[in-house]
Student: 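Structure incoming, see below.
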Amino acid sequence: MKLIFEKSVPGRTGVLPGPSDVPTGINIRADRLRPKSAELPELSELDVVRHFTELSRRNFGVDTNFYPLGSCTMKYNPKVNERIASYPGFAHVHPLLPQLRRGGMLTQGALAILYDMDLLLREITGMAGFTMQPLAGAHGELTGMMIMAAYHRDKGNKKSIVLAPDSAHGTNPASAAIAGYRVVSIPSTDSGDMDLDALKSALNDEVAGIMLTCPSTFGLFDPHIKEICALIHSVDGLAYYDGANLNAIVGKARPGDFGFDIVHLNLHKTFSTPHGGGGPGAGPVGVKEKLLPYLPISIVVKRNDGTFALEYDRPKSIGYIAPFYGNFGIIVRAYAYILMLGKEGLRHVAESAVLNANYIRERLRNYYKPAVDRICKHECVFTTTDKMAENEIRALDIAKALIDRGFHPPTVYFPITVHESIMIEPTETESQETLDAFIDAMIEIAGLAENDPEKLKAAPITTPVSRPDEVAAAKNLNIASLCLD
Ligand SMILES: *Cc1c(COP(=O)(O)O)cnc(C)c1O
């Protein structure tokens with residue numbers, strides 16, 4: 001397709017401007033005048049509408065088709081929540097409006113939602129209190145690590161190490177490192193769980209805590225989770241729960257009950273905000289009682305007269321980690337979602353997410369090699385078969401072939417501990433018909449990968465761009481060239 005400038009036809013126009021109201025006869029220095037007219041695209045309205053509609057159709061989103069991106073929860077989110085978040089009372093409220101007295105009537109509703117959301121998330125996770133400020137999952141992790149550090153500093157503990165399993169989401173060790181800790185990686189066993197002996201031998205007084213993605217990035221729930229928390233507590237460490245993908249257990253089990261001290265949730269994965277394109281998101285952080293004083297300022301409190309106010313006077317707080325109260329619109333969406341589903345609905349989310357993932361796992365396990373062959377939670381991980389490897393078929397070839405069949409590829413090459421990994425997260429919102437269509441495509445691709453591999457090497461052939469040279473694309477970015485035929 002041509003760029004919009006190249007489609008321009010001299011003299012064609014989509015608007016009829018009225019007569020100019022700029023006064024003529026003003027003396028402007030000749031060197032300040034354009035030597036020739038500005039070159040603007042000359043197109044009809046229809047040309048422009050078709051151009052941008054065509055571009056929009058090249059975009060793949062969860063509204064287009066199945067998007068089984070493991071570890072990222074690309075699910076359908078109810079459109080009604082977009083509507084609710086855009087109500088003028090939510091969308092136009094300004095953070096500097098007075099909380100009480102004159103103007104308070106404009107903000108009390110917003111504060112009530114922040115307050116209520118805190119109560120709901122406590123109930124869902126088993127924690128004692130939340131901050132809504134963090135603007136993403138990784139931002140929540142950093143907040144949690146800063147709370148961990150503040151706690152140890154306050155107690156006079158000399159701690160320098162944070163443990164993380166080798167299956168951790170990449171942001172976990174990064175967040176601990178940014179907070180000033182040295183990260184020690186704990187290996188996984190062949191069954192995908194944390195190696196408890198390795199954990200025990202890594203434990204010492206220097207250990208500030210552990211960061212655990214749960215379920216792990218293998219999509220597995222570690223059956224030793226309580227024991228792991230107890231071990232960490234035995235050296236006065238804190239256990240951090242990465243709950244980005246809480247849809248695996250929401251309504252069924254609570255990280256607070258397993259023994260975790262700090263937890264973050266990704267509202268933009270589990271609780272109804274379209275996820276992708278880098279945001280906006282929200283990563284609220286919840287803590288147990290003893291860590292409440294360290295939560296960021298401000299906190300919404302309810303006064304005796306029933307009104308809500310922001311509390312700033314919190315001497316042990318780690319301070320601000322974001323301006324004002326976080327991404328309020330995201331919190332409104334999540335609030336509406338939680339109220340709409342209720343307790344039973346949330347439980348159903350977890351059950352469907354897990355059922356869908358296991359349906360895919362079970363139907364594909366004879367065609368691809370499962371990374372770990374056991375019941376999974378919300379996502380399942382495969383790798384290529386020996387025959388595929390012999391044919392030099394890589395996870396990337398399978399991902400690209402799916403594009404030609406109308407599906408977004410799953411996550412590939414993550415988790416990094418699995419060679420040629422293919423990580424599929426169907427989410428709770430997909431129907432059996434969609435899952436079956438995806439599975440059929442995966443089975444057909446497996447057949448080609450083993451018997452006619454050359455057919456897959458050229459994929460994708462239905463897209464405007466086939467396989468970009470990824471190294472060159474990163475080093476020598478030229479966005480305009482992507483729009484050309
Ligand atoms: C997505 C994700 C994160 C990071 O969340 P962002 O909002 O992208 O910063 C952290 N941990 C896990 C397990 C995740 O899936």
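Bear in mind the structure is a predicted one, so any value in this text is a computation, not a measurement. The analysis underlying the following values was restricted to heavy atoms, covering all of them including side chains, and did not include hydrogens, waters or symmetry mates.
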Student: Provide the closest heavy-atom pair for R405 versus A441 in the form atom of the first, atom of the second, distance.
Tutor: CD-CB, 4.0 Å
Student: From the options H51, R50, R57, R58, select the one residue that forms a side-chain hydrogen bond (donor to acceptor under 3.5 Å, both in side chains) with E54.
Tutor: R58
Student: Can you name the closest pair of heavy atoms from D404 and A459 and give their distance?
Tutor: OD2-CB, 3.5 Å
Student: Would the distance check show the side chain of T463 and the main-chain N or O of V465 forming a donor-acceptor pair, the cut-off being under 3.5 Å?
Tutor: yes
Student: Would you check if the side chain of Y241 reaches a backbone N or O of C214 as a donor-acceptor pair within less than 3.5 Å?
Tutor: yes
Student: Answer yes when K75 and E430 have at least one side-chain N-carboxylate O distance shorter than 4.0 Å, and no when they do not.
Tutor: no
Student: Find the distance between CZ (R333) and CD (E82) and round it off to the nearest 0.5 Å.
Tutor: 4.0 Å
Student: Do D397 and R467 sit within salt-bridge range, that is, some charged N less than 4.0 Å from a carboxylate O?
Tutor: yes
Student: Backbone N or O of T270 within a donor-acceptor pair of the N247 side chain at under 3.5 Å?
Tutor: no
Student: Name the orientation class of the two ring planes belonging to F60 and Y67 (parallel below 30°, tilted from 30 to 60°, perpendicular beyond 60°).
Tutor: perpendicular
Student: Is M117 close to L267 at the side-chain level, that is, under 4.5 Å between some pair of heavy atoms?
Tutor: yes
Student: Could you tell me whether the side chains of S185 and D166 share a donor-acceptor contact shorter than 3.5 Å?
Tutor: no
Student: How close do A150 and I318 get, counting heavy atoms only, and between which atoms?
Tutor: CB-CG2, 3.8 Å
Student: Is a donor on one side and an acceptor on the other found under 3.5 Å between the side chain of T217 and the backbone of S167?
Tutor: yes
Student: Please check if the side chain of S86 supplies one atom and the backbone of R83 the other of a donor-acceptor pair under 3.5 Å.
Tutor: yes
Student: Might you work through the side-chain contact (heavy atoms from CB on, under 4.5 Å) test for D242 and H264, ending with a clear yes or no?
Tutor: CA-CA 6 Å; D242 178 335; H264 93 260; 3.1 Å; yes
Student: If you measure from CD1 on I393 to OG1 on T385, what distance do you get to the nearest 0.5 Å?
Tutor: 9.5 Å
Student: Which is it for L196 and T189 under the side-chain contact (heavy atoms from CB on, under 4.5 Å) test, yes or no, and what are the steps along the way?
Tutor: CA-CA 9 Å; L196 283 188; T189 61; over 6 Å; no
Student: About how many Å separate OH of Y115 and CD1 of I299, when rounded to the nearest 0.5 Å?
Tutor: 11.5 Å
Student: Verify, without hydrogens or angle tests, whether D195 (side chain) and P187 (backbone) share a donor-acceptor contact under 3.5 angstrom.
Tutor: no
Student: For a quick check under 3.5 Å, do S71 and E425 share a side-chain donor-acceptor pair by atom type?
Tutor: no
Student: Is there a donor-acceptor pair closer than 3.5 Å between any side-chain N or O of T383 and the backbone N or O of H419?
Tutor: yes
Student: Looking at I161, V207, N204, which one forms a side-chain contact (heavy atoms from CB on, under 4.5 Å) with V235?
Tutor: V207
Student: How long is the gap from CZ on R122 to CZ on F130, to the nearest 0.5 Å?
Tutor: 9.0 Å
Student: Are R374 and S191 close enough that some pair of their side-chain heavy atoms sits under 4.5 Å apart?
Tutor: yes
Student: Taking S216's backbone N and O only, do any of them form a donor-acceptor pair with T213's side chain (distance below 3.5 Å, no angle check)?
Tutor: no
Student: Would you mind reporting whether L163 and L203 have side-chain heavy atoms less than 4.5 Å apart?
Tutor: yes
Student: Could you tell me whether R365 and D373 have a side-chain N and a carboxylate O separated by less than 4.0 Å?
Tutor: yes
Student: Does D222 come within less than 4.0 Å of K377, counting only side-chain N to carboxylate O?
Tutor: no
Student: Determine the minimum heavy-atom distance between D261 and G237, stating which atoms define it.
Tutor: OD2-O, 4.4 Å
Student: Between E392 and K457, is the closest basic N to carboxylate O distance under 4.0 Å?
Tutor: no
Student: When you measure from the side chain of H378 to the backbone of V354, do you find a donor-acceptor pair of N or O atoms at a distance under 3.5 Å?
Tutor: no
Student: Check the side chains of E141 and S175 for a donor-acceptor pair under 3.5 angstrom, ignoring hydrogens and angles.
Tutor: yes
Student: Between the side chains of D63 and K79, is the shortest nitrogen-to-carboxylate-oxygen separation below 4.0 Å, so that they form an ion pair?
Tutor: yes
Student: With side-chain contact (heavy atoms from CB on, under 4.5 Å) as the test, pick out the partner of N356 among T434, I424, T427, L435.
Tutor: L435
Student: Quick one: do D440 and R363 make a salt bridge, cutoff under 4.0 Å?
Tutor: yes
Student: Testing the 3.5 Å rule here: is there a donor-acceptor pair between the side chains of Y320 and Q133?
Tutor: no
Student: Is any side-chain heavy atom of L43 closer than 4.5 Å to a side-chain heavy atom of K7?
Tutor: yes
Student: Please identify each residue that fulfils side-chain contact (heavy atoms from CB on, under 4.5 Å) with A395, with sequence neighbours left out.
Tutor: V412, Y413, E420, I422
Student: Between E450 (side chain) and K387 (backbone), is there a donor-acceptor pair under 3.5 Å?
Tutor: no
Student: What verdict does the side-chain contact (heavy atoms from CB on, under 4.5 Å) test give for K288 and M127, after you've listed the backbone C-alpha separation in whole Å, the side-chain angles of each residue and the deciding distance to 0.1 Å?
Tutor: CA-CA 5 Å; K288 286 278 174 64; M127 307 308 280; 4.0 Å; yes
Student: Parallel, tilted or perpendicular: which describes the rings of F260 and F258, with under 30° parallel and over 60° perpendicular?
Tutor: perpendicular
Student: Give the minimum heavy-atom separation between I232 and A239, together with the two atoms involved.
Tutor: CG2-N, 4.3 Å
Student: CG of N65 to CZ of F407: how many Å apart, nearest 0.5 Å?
Tutor: 5.5 Å
Student: Looking at C376, P68, C380, which hits side-chain contact (heavy atoms from CB on, under 4.5 Å) with I360?
Tutor: C380
Student: One pair to check against side-chain contact (heavy atoms from CB on, under 4.5 Å): V471 and D469. What are the steps and the verdict?
Tutor: CA-CA 6 Å; V471 177; D469 177 341; 3.8 Å; yes
Student: Do the non-hydrogen side-chain atoms of L142 and I321 ever get within less than 4.5 Å of each other?
Tutor: no
Student: I need the H348 NE2 to L341 CG distance, nearest 0.5 Å.
Tutor: 9.5 Å
Student: Does a side chain donor of either N81 or S272 reach within less than 3.5 Å of an acceptor in the other side chain?
Tutor: yes
Student: Show me the donor-acceptor pairs, under 3.5 Å and distance only, between side chains in residues 325-332 and residues at least two apart or in other chains.
Tutor:
| from | atom 1 | to | atom 2 | distance (Å) |
| --- | --- | --- | --- | --- |
| Y325 | OH | P95 | O | 3.4 |
| N327 | ND2 | G281 | O | 2.7 |

Student: Do Y335 and D116 have a side chain donor and acceptor closer than 3.5 Å?
Tutor: yes
